Protein chains: 2
Amino acid sequence: MRAEDRRELILQAATTVFGDHGYDGTTTAQVARAAGVSQPYVVRVFGTKEKLFLAVLQRALDHLLAAFRAALTDTVSGVPIQRRIGLAYIGLAADRGLLLSLMHGFVLGRDPEIGAAAREGFILVYRFLRHEAGFSPDESQQFLAGGMLINTMIGLRMTDDFDRDPDVHELLTHAFPEKIDIMLELAKTERREAAERAGTGA
Amino acid sequence: MRAEDRRELILQAATTVFGDHGYDGTTTAQVARAAGVSQPYVVRVFGTKEKLFLAVLQRALDHLLAAFRAALTDTVSGVPIQRRIGLAYIGLAADRGLLLSLMHGFVLGRDPEIGAAAREGFILVYRFLRHEAGFSPDESQQFLAGGMLINTMIGLRMTDDFDRDPDVHELLTHAFPEKIDIMLELAKTERREAAERAGTGA
DNA sequence: TCACTTAGTTATCGTCTGATTACTTAATTC
DNA sequence: GAATTAAGTAATCAGACGATAACTAAGTGA
């Protein structure tokens with residue numbers, strides 16, 4: 001396989017593993033296993049574990065902004081821009097670990113390298129909302145706040161309690177703008193995959 | 001010193017260290033150094049590093065709910081309850097690492113022990129808002145969303161760029177309800193303390 | 001004062017982890 | 001078809017980390 005394709009494969013695997021366990025909680029061996037390559041190869045392709053995580057963050061940000069710009073350009077639908085971008089954001093959850101890897105980066109702002117990258121990435125998103133999407137400061141703030149709540153809900157695996165706890169049910173239906181069914185479906189397949197992995201002794 | 005007092009001292013130190021580096025990024029030796037005790041003693045008092053982190057989360061949640069209930073009881077001021085609790089939340093930022101340790105717990109929802117504790121803690125806060133503070137579902141959702149954005153801003157050390165970037169300036173003034181001056185002051189003293197620690201070679 | 005508890009420390013160990021080195025195998029080029 | 005490059009793997013290492021064990025010093029009560 002071409003090195004470039006293998007690199008993207010490793011990045012995808014790393015995104016889900018980092019999303020689950022965070023930067024420090026993830027080992028390069030876990031990423032390698034998820035990507036189907038040897039541990040030294042992961043290190044060799046990206047240099048260091050830190051550079052691998054920075055590449056994951058960059059990829060996540062690229063995907064995020066691409067999805068937002070696509071939602072901005074897609075003027076055919078009569079849906080207002082705020083909702084279109086909101087739906088685009090939730091659509092990113094289909095790429096498992098993407099939003100959570102970003103979140104892990106956000107809470108490591110103290111780190112010299114990771115913190116700087118995460119900060120710049122966040123500011124870039126804000127600039128998009130304000131200067132490309134035409135959001136007001138208040139709209140931008142509310143959009144980002146809702147996004148952070150969604151990330152937290154995903155991180156907490158709140159969807160697992162959707163049917164078990166009426167308060168969770170209520171909170172989730174208010175947190176996810178009309179896309180709660182998609183989130184529940186994603187969570188279900190994810191749980192099934194996890195069960196399969198556990199079953200095969202991985 | 002009494003073991004109970006020493007335990008609280010270690011918990012405070014652990015809160016700031018976990019807040020800075022997360023669960024996996026923190027070593028028991030770092031916590032011990034910050035608390036002024038030996039590394040094995042930290043382990044002996046709490047059993048394991050995981051139990052120490054769970055104790056940090058529990059303490060953070062206790063402080064948070066206590067602050068909220070105090071804001072609820074304090075009916076003398078003519079300030080509406082939403083704002084009172086909002087200000088109480090920002091006041092928690094004075095306890096360095098408290099909100100960030102919670103945030104680190106939130107994004108580790110996959111972990112069997114930590115995830116369960118973080119999930120239950122979050123639900124407890126939602127229940128308080130809905131059934132004690134009398135918030136509507138929408139008010140609760142918006143409050144939590146704003147809280148998660150604030151946590152993210154703190155995690156990203158966004159306040160460092162307050163004077164350097166007009167977009168950051170705008171974002172922060174909209175994210176922090178009128179308490180931005182306090183946040184900037186906290187960030188400044190924190191940077192000074194960090195510089196002192198670096199200066200003494202710690 | 002002697003036995004006992006409380007509050008710690010020093011020394012050490014086994015395991016895990018990121019990284020390095022050296023080797024292999026399959027294309028591709030000349 | 002020999003030489004070179006690309007795409008990997010197996011073996012291994014040095015450092016760090018959580019945890020354990022063994023020891024010590026300072027109260028404290030009978």
Side-chain angles (χ1 to χ4, degrees), chain A residues 1-57 101 104-105 108 110-115 117 201-202, chain B residues 1-57 101 104-105 108 110-115 117 201-202:
Chain A
M1 186 184 289
R2 284 286 217 231
E4 202 176 336
D5 300 336
R6 187 71 76 184
R7 183 190 149 96
E8 170 61 21
L9 213 73
I10 295 175
L11 272 180
Q12 283 180 23
T15 297
T16 81
V17 181
F18 276 126
D20 277 348
H21 305 106
Y23 172 64
D24 289 291
T26 295
T27 71
T28 55
Q30 282 176 295
V31 173
R33 206 173 314 133
V37 297
S38 66
Q39 178 264 335
Y41 192 60
V42 171
V43 175
R44 220 193 61 168
V45 171
F46 292 91
T48 66
K49 174 182 160 182
E50 187 177 55
K51 285 179 185 167
L52 167 61
F53 187 64
L54 291 173
V56 165
L57 289 185
S101 289
H104 280 289
L108 287 183
R110 201 76 193 278
D111 185 278
E113 305 289 328
I114 297 174
Chain B
M1 186 184 289
R2 286 287 218 227
E4 202 176 336
D5 299 336
R6 186 73 76 185
R7 183 189 149 97
E8 170 61 21
L9 214 73
I10 296 175
L11 272 180
Q12 283 180 24
T15 297
T16 81
V17 181
F18 277 125
D20 277 347
H21 305 107
Y23 172 64
D24 289 291
T26 294
T27 72
T28 55
Q30 282 177 295
V31 173
R33 207 173 314 131
V37 297
S38 66
Q39 177 263 334
Y41 192 59
V42 171
V43 175
R44 219 193 64 168
V45 171
F46 292 92
T48 66
K49 174 182 161 181
E50 188 177 56
K51 285 179 185 167
L52 168 60
F53 187 64
L54 291 173
V56 164
L57 289 185
S101 289
H104 280 289
L108 287 183
R110 201 78 194 276
D111 185 277
E113 305 289 328
I114 297 174

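This is a predicted model, so every value here is computed, not measured.
The distance from atom NZ of A:Lys49 to atom P of D:dA16 is 15 Å, rounded to the nearest whole Å. Summarising the geometry, the separation between CG on B:Asp24 and P on C:dG18 is reported as 11 Å, rounded to the nearest angstrom. Computed from coordinates, the B:Arg33 CZ to D:dA16 C1' distance equals 12 Å when rounded to whole Å.
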Grab the N/O contacts between the protein and nucleotides 10-15 of chain D below 3.5 Å, and write none if there aren't any.
none

Can you give me the N/O atom pairs linking the protein to nucleotides 4-7 of chain D at distances under 3.5 Å, or say none if there are none?
residue, atom, partner, partner atom, Å
D:dA7, OP1, A:Ala3, N, 3.1

Dump every N/O contact between nucleotides 24-26 of chain C and the protein below 3.5 Å, one line per pair.
none

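In this structure, NE2 in A:His104 is found 9.5 Å from NE2 in B:His104, a value given to the nearest 0.5 Å. Within the model, atoms OG1 of B:Thr48 and CG of B:Leu54 stand 7.5 Å from one another, a figure rounded to the nearest 0.5 Å. The CD1 atom of B:Ile10 sits 11.0 Å away from the CD atom of B:Gln12 when rounded to the nearest 0.5 Å. Rounded to the nearest 0.5 angstrom, A:Leu57 CG and A:Leu52 CG are separated by 9.5 Å. In this structure, OG1 on B:Thr27 lies 10.5 Å from CG on A:Asp24, to the nearest 0.5 angstrom. Distance check, rounded to the nearest 0.5 Å: OG1 of A:Thr28 to NZ of A:Lys49 gives 7.5 Å.
In this structure, the side chains of B:Val37 and B:Arg6 come closer than 4.5 Å at one or more pairs of heavy atoms.
When every heavy atom of A:Phe46 is checked against every heavy atom of A:Lys51, the shortest pair comes out as O-CB, 3.2 Å. A:Val56 approaches A:Ala14 most closely through the heavy-atom pair CG2-CB, 3.7 Å.
Under the 3.5 Å distance criterion, the side-chain polar atoms of B:Ser101 are matched with a main-chain donor or acceptor of B:Thr15.
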**OP:** Show your reasoning for whether side-chain contact (heavy atoms from CB on, under 4.5 Å) applies to A:Val42 and A:Gln39.
**Re:** CA-CA 5 Å; A:Val42 171; A:Gln39 178 264 335; 5.8 Å; no
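With sequence neighbours excluded, no residue forms a salt bridge (charged side-chain N to carboxylate O under 4.0 Å, His left out) with A:Glu50. Among residues two or more places apart in sequence or in another chain, the ring-ring contact (aromatic ring centres under 6.0 Å, His included) test is passed with A:Phe53 by A:Phe18, A:Tyr23.
Of the candidates D:dA19, C:dT9, D:dT9, the closest approach to any side-chain atom of A:Val37 belongs to D:dT9.
DNA chain D is contacted by no residue of residues 7-21 of chain A, taking any non-hydrogen atom closer than 4.0 Å.
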